[in-house]
Amino acid sequence: MNFEFEFLYFLQSLHTPWLDSFMTAVTSLGNGGGIWILTGVIFLFSKKTRDMGICLLLSLLAGLVIGNVILKNLVARSRPSWLVHFVPLLIENPTDYSFPSGHTLASFEGAVSIFLYRRKWGIFALILAAVIAFSRMYLFVHFPTDILGGMVLGTAIACGIHWLWEKKGVPLREKLCYTGKRKNK
């Protein structure tokens with residue numbers, strides 16, 4: 001854990017007023033998965049993006065249960081902000097456990113879900129997810145391995161949901177995402 005604190009202390013040396021404002025704004029996009037929930041709901045309104053929206057929202061739901069309800073409480077890892085009190089926090093000190101990072105988990109579930117359907121949109125979403133993840137370390141509320149765990153788990157959940165939806169969810173998919181085209185038998 002020493003190397004993780006060394007990295008977090010290094011990030012503290014990068015603070016500037018502008019960067020502080022930017023990172024607090026970016027991290028707020030990930031609060032409660034808000035930006036990803038909104039994106040998923042917007043995608044539901046168009047037949048062309050409905051599959052993507054459903055997969056995104058299902059991924060967020062799975063991640064909430066697996067990451068935030070089960071893993072955080074099972075691992076019960078303290079946050080760096082709980083262990084070191086001399087680093088001033090720019091956001092409210094979170095009250096839930098640290099591993100995996102929920103902001104990172106939701107961000108990578110959302111971004112990978114988008115990427116699996118639309119590569120160009122997905123690249124932008126992955127950049128946003130990475131910046132949100134980085135902000136959690138910059139703000140001293142997560143260790144690097146919390147971020148890595150959120151990235152890996154979020155990617156795995158999004159890929160798993162995508163595979164299930166595309167390969168196993170055909171009957172439900174056809175009802176929810178009907179495009180008006182019938183396949184000839």
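Just so it is clear, the model here is predicted, and its values are computed rather than measured.
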Strictly by modelled atom types, are Glu4 and Tyr9 linked by a side-chain donor-acceptor pair under 3.5 Å? no

So, for Ile132 and Gly30, which heavy atoms are closest and what is the spacing to 0.1 Å? CD1-N, 4.3 Å

Do Arg136 and Thr27 meet the criterion of a side-chain donor-acceptor pair at a distance under 3.5 Å? yes

Chi angles and distances behind the side chain to side chain contact (heavy atoms under 4.5 Å, CB included) call for Asp51, His162: CA-CA 9 Å; Asp51 281 338; His162 178 81; over 6 Å; no

Residue pair Ser107 / Ser101, side-chain heavy-atom distance below 4.5 Å: no

For the atom pair CG (Leu153) and OG1 (Thr104), what is the distance rounded to the nearest 0.5 Å? 11.0 Å

Whether Arg79 and Asp96 form a salt bridge (side-chain N of Lys/Arg under 4.0 Å from carboxylate O of Asp/Glu) is what I want to check. yes

For Ile147 and Met137, work out which heavy atoms get closest and say how close. CG1-CG, 3.5 Å

Shortest non-hydrogen contact between Ile157 and Gly63, atoms and distance: CD1-CA, 3.7 Å

What do you reckon, are the aromatic ring centroids of Phe43 and Trp121 less than 6.0 Å apart? yes

Who pairs with Ser81 by side-chain hydrogen bond (donor to acceptor under 3.5 Å, both in side chains), at least two apart in sequence or on another chain? Asn93

Testing the basics here: between Val87 and Val84, what is the closest heavy-atom pair and its distance to 0.1 Å? CG2-CG1, 4.0 Å

Lys120 vs Phe124 side-chain heavy atoms within contact, under 4.5 Å: no

Does any non-hydrogen side-chain atom of Arg77 lie less than 4.5 Å from one of Thr145? yes

Heavy-atom closest contact (Ala125 atom, Ile114 atom, distance): CB-CD1, 4.0 Å

Tell me if the aromatic rings of Phe7 and Phe143 count as close, with their centers under 6.0 Å from one another. no

Spatial distance of atom CG (Asp20) from atom OG1 (Thr16) [nearest 0.5 Å]: 6.0 Å

Under 3.5 Å, is there a donor-acceptor pair linking the side chains of His103 and Asn31? yes

Verdict with reasoning, Ile161 to Ser113, per side chain to side chain contact (heavy atoms under 4.5 Å, CB included): CA-CA 9 Å; Ile161 293 294; Ser113 293; over 6 Å; no

Are any non-hydrogen side-chain atoms of Met23 and Leu90 less than 4.5 angstrom apart? no

Measure centre to centre between the rings of Phe99 and His142, then say whether the value is under 6.0 Å. no

Donor-acceptor pair, side chain of Ser13 and main chain of Phe10, under 3.5 angstrom: yes

Does Phe140 have more than 12 heavy atoms from other residues, nucleotides or ligands lying within 6.0 Å of its CZ? yes

Does the pair Val112 and Leu116 meet the rule for a side chain to side chain contact (heavy atoms under 4.5 Å, CB included), with working shown? CA-CA 6 Å; Val112 170; Leu116 291 171; 4.0 Å; yes

So how far is it from Tyr97 OH to Asn68 CG, rounded to the nearest 0.5 Å? 14.0 Å

Just say parallel, tilted or perpendicular for the rings of Phe134 and Tyr138, cut-offs at 30° and 60°. tilted

Test side chain to side chain contact (heavy atoms under 4.5 Å, CB included) on Leu57 and Leu44; report intermediate values, then the result. CA-CA 10 Å; Leu57 294 171; Leu44 294 178; 3.7 Å; yes

For the residue pair Arg118 and Thr49, confirm or rule out a side-chain donor-acceptor distance under 3.5 Å. no

